[in-house]
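These notes are about the structure you will find just below.
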Number of protein chains: 2
Amino acid sequence: MTIDDFDINAEALRQLPLFRQLDAQTVTTIADAGRALNVARTARILNRGDNLDGFYVVFAGSLKMYILSCDGAERILRILRTGDSFGEAMMFNGFDSPVFVDALTDSQVAYIPHRLVADVLAQNPVFIESMFRGMSRLLLDFVRDIESCCLMNAKQRTVAYLLRLAEHRGPHDQQVTLPASKWVVASMLNLAPETFSRELHRLQADGLIEIVRRTIHVRDMTGLMEIVDGAAAVSVAT
Amino acid sequence: MTIDDFDINAEALRQLPLFRQLDAQTVTTIADAGRALNVARTARILNRGDNLDGFYVVFAGSLKMYILSCDGAERILRILRTGDSFGEAMMFNGFDSPVFVDALTDSQVAYIPHRLVADVLAQNPVFIESMFRGMSRLLLDFVRDIESCCLMNAKQRTVAYLLRLAEHRGPHDQQVTLPASKWVVASMLNLAPETFSRELHRLQADGLIEIVRRTIHVRDMTGLMEIVDGAAAVSVAT
DNA sequence: GGATTCACTTGATTGTGGTCAAGCGGGAAA
DNA sequence: TTTCCCGCTTGACCACAATCAAGTGAATCC
């Protein structure tokens with residue numbers, strides 16, 4: 001659980017989507033002013049209630065962003081991977097973090113202070129747009145999350161999740177792999193692990209999928225789509 | 001349900017928080033390029049699936065932002081009032097709207113196109129920060145929303161909502177007024193109207209509150225706080 | 001190779017909150 | 001005043017998913 005910090009590698013930083021459009025000079029300035037951190041598996045990077053005056057970018061590894069109930073129940077909001085960032089909202093608005101962030105695997109993150117961001121923003125319209133796009137994406141994900149946990153039942157949430165994983169792959173790639181343990185995935189779907197397991201096996205019994213450890217083979221794509229089809233209305237007569 | 005559109009009043013625009021820091025010249029430019037709309041009660045302003053190339057600002061009235069399940073169940077995400085804006089995320093990221101927006105009362109909104117925003121952003125760092133603050137706030141609200149509907153039960157959600165209303169008022173103002181019908185509030189809390197009614201009356205039976213139509217008199221503030229206290233953990237030992 | 005552990009599965013039971021249905025009461029209009 | 005209507009309340013019942021608990025199976029470690 002030791003955490004050591006060191007200089008940011010400007011070249012590595014420039015590989016990340018958020019910084020790709022910036023010129024080398026600007027990226028070097030950022031790299032010099034920020035700090036990179038090695039975080040060990042299970043270490044906490046951000047606490048609920050923390051106040052950030054900057055934001056984090058993930059260089060390597062995977063992290064979980066989550067909230068906790070008083071009795072320790074954990075609800076994972078998102079899994080963060082290389083190139084993802086977090087903390088922008090708190091940085092811009094000054095409020096305390098509503099979420100926790102822990103490392104799921106040994107990871108590397110960079111911390112970039114607010115003043116630096118403000119300077120770069122003022123001079124790089126393209127960076128402004130990148131930043132807005134990132135936050136917009138997050139907003140969309142949260143709305144979908146609310147949609148899924150308020151409007152769908154356990155079966156629909158499970159299927160919707162499988163389809164979302166599948167859409168990142170080609171339309172004919174008939175297998176998807178869960179990005180984390182079933183326990184973690186269940187938490188993202190706001191399901192008890194037992195319920196998630198049950199739903200998957202029910203889908204298997206119906207011949208829609210085949211489960212091989214963390215890999216799910218899709219046997220009947222249209223069958224799956226019918227289950228979530230129209231779970232959220234696109235438009236209605238008024 | 002007639003919708004007519006007319007020029008934006010630059011002075012009125014400048015009264016809104018988002019535009020307050022801009023110089024008169026810039027605001028006039030925006031007002032000239034954008035369009036204002038009168039929308040009648042129950043009229044829809046934004047459909048799920050719509051693609052926006054700009055965003056809306058509310059001048060007057062109140063609107064509901066919501067999602068719908070296939071069987072018509074409605075989940076209200078937020079109530080929008082004068083000064084609030086919506087559609088920024090879709091504008092920046094280009095994706096289709098995940099939400100509906102309808103007028104709850106006769107209202108006026110202004111539509112401001114993307115290209116204009118991009119120009120103003122590039123030249124006004126202070127506007128960038130305003131815009132980021134607005135989206136950050138929205139993000140925080142959605143996280144709280146997820147927290148409330150995933151980590152809290154019906155009673156806790158009800159109490160948390162009452163306390164949130166109460167915190168806008170002075171600490172000794174012992175009464176709050178629901179901002180909309182109980183049906184609408186229940187939808188925001190992700191509760192069936194019947195459940196919301198039951199929870200309120202249970203709190204009244206316990207002597208914590210007193211219900212007079214849409215006004216709730218708080219009789220035991222600390223009692224209420226105990227109910228939600230620690231519903232979401234702030235920090236835990238690792 | 002056997003023990004241990006962890007991730008997952010499966011079964012039985014329960015409880016919260018949703019649904020259906022009927023009743024109530026205040027405000028508005030005739 | 002009487003009537004209607006709408007927003008809300010209250011009751012009875014039910015279903016979905018959580019919980020508790022036991023069991024399985026595959027990796028890992030000695």
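In what follows, chains carry the letters A, B, and so on, assigned in the order in which the sequence lines appear, proteins first and then strands, with residues in each chain numbered from 1. Everything quoted here is computed from the prediction, not taken from an experiment.
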**Request:** Indicate, yes or no, whether a donor-acceptor pair under 3.5 Å links the base of D:dC20 to the side chain of A:Glu194.
**Result:** yes
**Asked** Rounded to the nearest Å, what distance is computed from the CZ atom of residue B:Arg214 to the C1' atom of nucleotide D:dC8?
**Response** 11 Å
**Item:** Out of C:dG18, D:dA26, D:dT19, whichever nucleotide has its closest atom nearest the side chain of A:Arg213
**Value:** D:dA26
**Prompt:** Does any donor atom in the side chain of B:Thr222 or B:Asp220 lie under 3.5 Å from an acceptor atom in the other side chain?
**Reply:** yes
**Prompt:** Base, sugar-phosphate, or nothing: which does B:Arg202 touch, judged by heavy atoms less than 4.0 Å apart?
**Reply:** nothing
**Asked** Got B:Val109 and B:Leu63 here, is their nearest side-chain heavy-atom distance under 4.5 Å?
**Response** yes
**Request:** Provide, to the nearest angstrom, the distance between the CD1 atom belonging to B:Ile211 and the P atom belonging to D:dC8.
**Result:** 12 Å
**pair A:Ile227-A:Leu208: side-chain heavy atoms closer than 4.5 Å** = yes
**Asked** Rounded to whole angstroms, how far apart are CG on B:Leu191 and C1' on C:dT19?
**Response** 14 Å
**Request:** Find the distance B:Arg157:CZ to C:dT16:C1' and express it as a whole number of Å.
**Result:** 11 Å
**Message:** When you measure only distances, ignoring hydrogens and angles, does the side chain of A:Arg198 come within 3.5 Å of the base of D:dT19 through a donor and an acceptor?
**Reply:** yes
**Sub-4.5 Å side-chain heavy-atom contact between A:Phe55 and A:Val57** = yes
**Message:** Less than 4.5 Å apart, side chain to side chain, heavy atoms only: is that true for A:Leu68 and A:Arg48?
**Reply:** no
**Item:** Side chain of A:Lys182 (C-beta onward), nearest among D:dT19, C:dG17, C:dC8
**Value:** C:dC8
**Fill in**
Ranking C:dT10, C:dG17, D:dT9 by distance to the side chain of A:His201, first place goes to C:dT10
**Message:** Output the rounded distance in Å from CZ (A:Phe196) to P (C:dT9).
**Reply:** 9 Å
**Between C:dC8 (C1') and A:Leu200 (CG): distance, integer Å** = 11 Å
**Request:** Counting heavy atoms from C-beta on, name the nucleotide in C:dT9, D:dC8, D:dA17 closest to the side chain of A:Ala154.
**Result:** D:dA17
**Asked** B:Arg75 CZ to C:dG17 C1': how many Å, rounded?
**Response** 15 Å
**Prompt:** Is the distance from OP1 or OP2 of D:dA18 to the nearest side-chain N or O of A:Thr195 less than 4.0 Å?
**Reply:** yes
**Message:** Without decimals, in angstroms, what is the distance between A:Glu199 CD and D:dA17 P?
**Reply:** 7 Å
**Item:** Phosphate-side-chain proximity, B:Ser197 and D:dT9, N/O vs OP1/OP2 below 4.0 Å
**Value:** yes
